[in-house]
Amino acid sequence: MENKIIFDTENSTAQQEPKNKPIILLDIDDTIAAFGPFYWNLHNSVFNDTVNYLEVIDWDLDKFSKRGPDAYKLFKYPGLFRNLPPMPYAKEFVEKLREVGEVIVVSDSPSGTSYKETVNLDCINEDHKIDFPHSNPADDKRAWLKEHFNFAKEDIIFTSRKELVMGQILIDDKPATYEKFKMLNRNIILIDAPYNQHIQTDWRAKDLNQALEMVYKMLEEMSELAS
């Protein structure tokens, strides 16, 4: 039997069509895209390593890769961000968010390679080398968002300073982003991940079902404060 997002919202004020919809900011990687498991599978294949995604308990990937900083070179791997699988229920999640708010994607944009530039990387050993051709992670992310959620490019913002983007709620997994938003007293829902377990919060969502319930709760509380 297929699981679906189910919750009681008949009496929720958040379900009523507002005159001006709130802006809901939405992260991509490990929020609506299953980046971690996909990335580490690629990493282990390229470097002949055995990293378990569930054991990556810190944001700094180089601490867990036997190749250290080389782990970040894989961010330039062509198609990495284009071929990520969506999180379970991600499509339904975004559809529900659009019913109650204006959804704007905010995401970091890892560095790619310039036109005709290649990135050389020796993999398992010195005799096994590959050259990464031209890669544009930002365009890959735009195409991914268009394919899976029909996001227009105007609704996608790439920035490492998400706190500068206007919005009523942010849904994200990054510990530093969560801490910055809380310091500024802004609404943020933390998507559960192995590397953010040290954060103590009532706004931790174990999955997108729970994240959606929290969005409704936040919107109801905002509506009550405004009335």
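Being a predicted model, the structure only gives us computed values, none of them experimental. Nothing fancy with the numbering, it's 1 onward along the sequence.
D49 has no carboxylate O lying under 4.0 Å from a charged side-chain N of R67, or vice versa, which leaves the two without a salt bridge. Ion pair D29/K141 flagged as a salt bridge, since at least one NZ, NE, NH1 or NH2 atom sits closer than 4.0 Å to an Asp/Glu carboxylate oxygen. The pair D30-K174 does not meet the salt-bridge criterion, since no charged nitrogen lies less than 4.0 angstrom from a carboxylate oxygen.
No more than 12 heavy atoms of other residues, nucleotides or ligands lie within 6.0 Å of OH in Y77, so this atom counts as exposed by the packing criterion. Within 6.0 Å of the CE atom in M166, the count of heavy atoms belonging to other residues, nucleotides or ligands does not exceed 12. Within 6.0 Å of atom NZ in K66, more than 12 heavy atoms from other residues, nucleotides or ligands are found, so the atom counts as buried in its surroundings. Other residues, nucleotides and ligands contribute more than 12 heavy atoms inside 6.0 Å of the NZ atom of K182.
Using a 3.5 Å distance cut-off with no hydrogens or angles, the side chains of E221 and N187 do not pair a donor with an acceptor. With 3.5 Å as the limit, one finds no donor-acceptor pair spanning the side chains of N41 and Y53.
When hydrophobic residues (I, L, V, M, F, W, Y) are linked wherever their side-chain heavy atoms come within less than 4.5 Å, L164 remains an isolated member.
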Inset, instruction - Go through the steps for Y178 and W203 under the test ring pair (Phe, Tyr, Trp, His ring centres under 6.0 Å), then give the verdict. - result: CA-CA 10 Å; Y178 178 88; W203 295 103; over 10 Å; no
Inset, instruction - For ring pair (Phe, Tyr, Trp, His ring centres under 6.0 Å), just list the numbers for F35 and Y39, CA-CA rounded to whole Å, side-chain angles, deciding distance to a tenth of an Å, and then say yes or no. - result: CA-CA 6 Å; F35 173 80; Y39 166 83; 5.5 Å; yes
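Considering every non-hydrogen atom in both A71 and H43, the closest pair reads CB-CD2, 4.3 Å. Residue L190 comes nearest to D173 through the heavy atom pair CD1-O, 3.7 Å, listed as atom of the first residue, atom of the second, then distance. Closest approach of L80 to D140, counting heavy atoms only: N-OD2, 4.5 Å. Across every non-hydrogen atom of V100 and P22, the tightest pair is O-CD, 3.2 Å. In terms of heavy atoms, L84 sits closest to A33 at CD1-CB, 4.0 Å.
Once rounded to the nearest 0.5 Å, the distance linking CG of L212 with CD1 of I189 reads 8.5 Å.
The side chain to side chain donor-acceptor pair (under 3.5 Å) test applied to D62 returns Y72, not counting sequence neighbours.
Using a 4.5 Å cut-off on side-chain heavy atoms (C-beta onward), E55 and P194 make no contact.
For the pair R98 and F151, the cation sits on the ring face: its NZ or CZ lies under 6.0 Å from the ring centre, inside 45° of the axis.
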